[in-house]
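Notes to accompany the following structure.
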There are 2 protein chains.
Amino acid sequence: MALYDFYFQQFNEKVPLTNEEQEQIQSYLTLNKIRKKQSFLQEGEVCKSYAFVNKGSLRKYSIENGNEHIIQFAIEGWTVGDLLSFLSEEPATYHIDTLEDSELVLMSKAAHDELLNIQPKYETYFRLLITGAYIALQRRHSFSLSLPVEQRYMDFVEKYPEIVQRVPQHMIASYLGLTPETLSRVRKKLTKHK
Amino acid sequence: MALYDFYFQQFNEKVPLTNEEQEQIQSYLTLNKIRKKQSFLQEGEVCKSYAFVNKGSLRKYSIENGNEHIIQFAIEGWTVGDLLSFLSEEPATYHIDTLEDSELVLMSKAAHDELLNIQPKYETYFRLLITGAYIALQRRHSFSLSLPVEQRYMDFVEKYPEIVQRVPQHMIASYLGLTPETLSRVRKKLTKHK
DNA sequence: GGCTTTTCTTGATTTAAATCAATGAAAAGG
DNA sequence: CCTTTTCATTGATTTAAATCAAGAAAAGCC
């Protein structure tokens with residue numbers, strides 16, 4: 001079915017699959033539609049599925065005494081979930097919800113475990129997925145330690161121009177660890193010097 | 001040989017190996033001794049090997065206009081390397097050097113690639129290694145966005161008491177994204193309220 | 001042991017960002 | 001369409017941490 005085309009397009013870029021393998025893996029996937037501003041995962045619940053974003057956008061965040069801190073955005077082609085909760089089946093420490101009407105391709109924990117056992121290419125795909133995420137996160141953390149706010153914002157705009165278009169500014173501020181007011185002032189300064 | 005015992009002890013905790021498998025993997029490893037304060041990797045070089053710390057300690061850091069920012073410490077049982085550089089064979093963006101006399105178990109890129117192809121258990125080991133590192137980094141990044149300095153320092157002390165003993169305080173400050181002066185004052189405040 | 005270097009602490013001052021407060025603009029929703 | 005939220009900007013003030021500066025303590029080395 002065309003429903004999983006995008007998922008397998010991304011998969012094949014990492015690990016090429018035969019048609020049979022693709023059908024095998026597809027049988028473990030389910031589709032899930034969620035409307036805008038609905039919760040996909042709440043802190044304290046177990047993250048039962050890992051999600052690939054077919055359509056729409058989500059945010060992952062933590063809440064620390066009333067303040068939301070956005071950890072990650074996910075748009076089409078990205079995956080999202082609370083990995084620790086998913087793998088260990090312990091309560092999640094993050095919240096995940098949709099920013100727009102979304103369509104998710106879900107891999108349940110049971111499906112994930114079984115595929116790891118029976119389909120080496122799935123393990124390779126997952127390894128590459130996590131490796132990429134780790135490298136990106138390390139870069140991001142490193143930047144947040146060493147670069148001034150202006151450069152961190154410019155880097156974000158350059159790297160994720162689509163997210164800048166689709167996500168409210170105050171959420172990007174939260175992602176960068178700033179208040180909305182500060183980001184507004186940073187932007188003002190940057191447009192002046194351009 | 002006993003030289004690799006500690007490496008395989010850690011490996012077996014993630015993925016149990018038979019003696020034959022262990023010997024097979026061992027034939028791809030090399031041992032490396034480095035004296036205190038020597039470089040293991042410099043920015044701009046390609047990270048030719050990923051290192052497991054048998055003995056000693058290292059730090060990974062970036063330099064941004066003269067300022068060092070410590071990304072990671074590695075003591076016995078940890079692994080360290082510039083993962084992006086290692087996998088892509090592009091120039092490293094990080095520096096890595098020893099803090100004490102150290103002994104490293106090295107896996108070269110060629111060995112890594114070959115083992116991934118011929119020994120599924122090595123792939124599983126590596127997947128679990130990176131998965132753990134990713135989860136830990138996400139937690140750390142999340143804390144650095146949301147927790148006040150005091151709690152971040154307490155969390156560090158609780159999680160890595162050994163590193164606190166062995167590493168100069170100003171490097172811990174750098175790891176936490178603080179100046180040495182600020183960390184000194186944070187510590188003073190914490191001992192008072194205890 | 002004494003000398004040098006590194007590390008840590010403390011104080012005074014500056015600076016960057018948060019907070020507080022208000023207004024205007026845009027988007028969402030009936 | 002109008003009303004209500006949500007969102008972005010701007011200004012004034014406060015606050016936390018960086019910076020600047022100096023001295024004390026500890027560690028490393030001939």
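Here is the naming used below: chain letters follow the sequence lines, and residue numbers restart at 1 for every chain.
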Could you check how far [atom1] of [X] sits from [atom2] of [N], rounded to whole Å?
{"X": "B/Lys189", "N": "C/dC8", "atom1": "NZ", "atom2": "P", "answer": "20 Å"}
{"X": "A/Leu176", "N": "C/dA17", "atom1": "CG", "atom2": "C1'", "answer": "14 Å"}
{"X": "A/Ile172", "N": "D/dC7", "atom1": "CD1", "atom2": "P", "answer": "12 Å"}
{"X": "A/Asp101", "N": "C/dA28", "atom1": "CG", "atom2": "P", "answer": "11 Å"}
{"X": "A/Glu181", "N": "D/dT6", "atom1": "CD", "atom2": "C1'", "answer": "14 Å"}
{"X": "A/Arg185", "N": "D/dG11", "atom1": "CZ", "atom2": "C1'", "answer": "7 Å"}
{"X": "A/Leu178", "N": "C/dA16", "atom1": "CG", "atom2": "C1'", "answer": "11 Å"}

Does OP1 or OP2 of D/dT9 have a side-chain N or O of A/Gln169 closer than 4.0 Å?
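Answer yes for this pair, as a side-chain N or O of A/Gln169 is under 4.0 Å from OP1 or OP2.
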Considering just the side-chain nitrogens and oxygens of B/Thr179, establish if one lies under 4.0 Å of OP1 or OP2 belonging to D/dA18.
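Result: yes.
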For B/Pro180 and B/Lys37, find the nucleotide of DNA chain C closest to each by heavy atoms; which residue's nucleotide sits nearer the 5' end?
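Per heavy-atom nearest nucleotide, the more 5' residue is B/Lys37.
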So A/Phe6 and A/Phe52, side chain to side chain contact (heavy atoms under 4.5 Å, CB included) or not? Walk me through it.
CA-CA 9 Å; A/Phe6 191 37; A/Phe52 173 89; 3.8 Å; yes
Nucleotide nearest [X] (side chain, heavy atoms from C-beta), chosen from [options]:
{"X": "A/Lys188", "options": "D/dG11, C/dA18, D/dA21", "value": "D/dG11"}
{"X": "A/Thr182", "options": "D/dT9, C/dG11, C/dA17", "value": "C/dA17"}
{"X": "B/His170", "options": "C/dC8, D/dA18, D/dA21", "value": "C/dC8"}
{"X": "A/Arg187", "options": "C/dC8, D/dT10, D/dT9", "value": "D/dT9"}
{"X": "B/Lys36", "options": "D/dG28, C/dT19, C/dT9", "value": "D/dG28"}

Is it the case that B/Glu100 and B/Ser57 place a side-chain donor and acceptor less than 3.5 Å from each other?
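Judged by distance alone, the side chains do pair up.
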Identify which one of A/Arg35, A/Arg59, A/Lys37 satisfies the salt bridge (Lys or Arg N to Asp or Glu O under 4.0 Å) criterion when paired with A/Asp97.
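Checked A/Arg35, A/Arg59, A/Lys37 against A/Asp97; only one passes salt bridge (Lys or Arg N to Asp or Glu O under 4.0 Å): A/Arg59.
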Passing option when A/Leu104 is tested against A/Tyr50, A/Phe40, A/Tyr7 for side-chain contact (heavy atoms from CB on, under 4.5 Å):
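It is A/Phe40, the one option of A/Tyr50, A/Phe40, A/Tyr7 that forms the side-chain contact (heavy atoms from CB on, under 4.5 Å) with A/Leu104.
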Five-pair end axes of the helix from C/dG1-D/dC30 to C/dG30-D/dC1, angle between them (10°):
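The helix from C/dG1-D/dC30 to C/dG30-D/dC1 shows an end-to-end axis angle of 60°.
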Are the aromatic rings of B/His112 and B/Tyr28 close, with centres under 6.0 Å apart?
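Centroid distance B/His112-B/Tyr28: not below 6.0 Å, so no.
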Do the ring planes of A/Phe11 and A/Tyr125 sit parallel (below 30°), tilted (30 to 60°) or perpendicular (above 60°)?
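Taking A/Tyr125 first and then A/Phe11, their aromatic rings lie parallel (interplane angle under 30°).
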Hey, what's the ring geometry for A/Tyr175 with A/Phe156, parallel, tilted or perpendicular (30° and 60° as the breaks)?
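Aromatic pair A/Tyr175/A/Phe156 classed tilted.
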Under 4.0 Å, counting only non-hydrogen atoms across every strand here, what does B/Leu183 touch: a base, just sugar-phosphate, or nothing?
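Touches nothing.
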Donor-acceptor contact below 3.5 Å, side chain A/Glu90 vs main chain A/Val46:
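Answer holds: no.
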Polar side-chain atom of A/Lys60 near backbone of A/Gly81 as donor-acceptor pair, under 3.5 Å:
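Indeed, once roles are kept as given, a pair shorter than 3.5 Å links the two residues.
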A/Leu58 side chain reached by A/Leu99 side chain, heavy atoms, under 4.5 Å
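When only atoms from C-beta onward are counted, A/Leu58 and A/Leu99 do not touch, as no gap falls below 4.5 Å.
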I need the residues from residues 149-168 of chain B with at least one non-hydrogen atom less than 4.0 Å from DNA chain D; give them sorted by number, or say none.
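Hits under 4.0 Å, by residue number: B/Val149.
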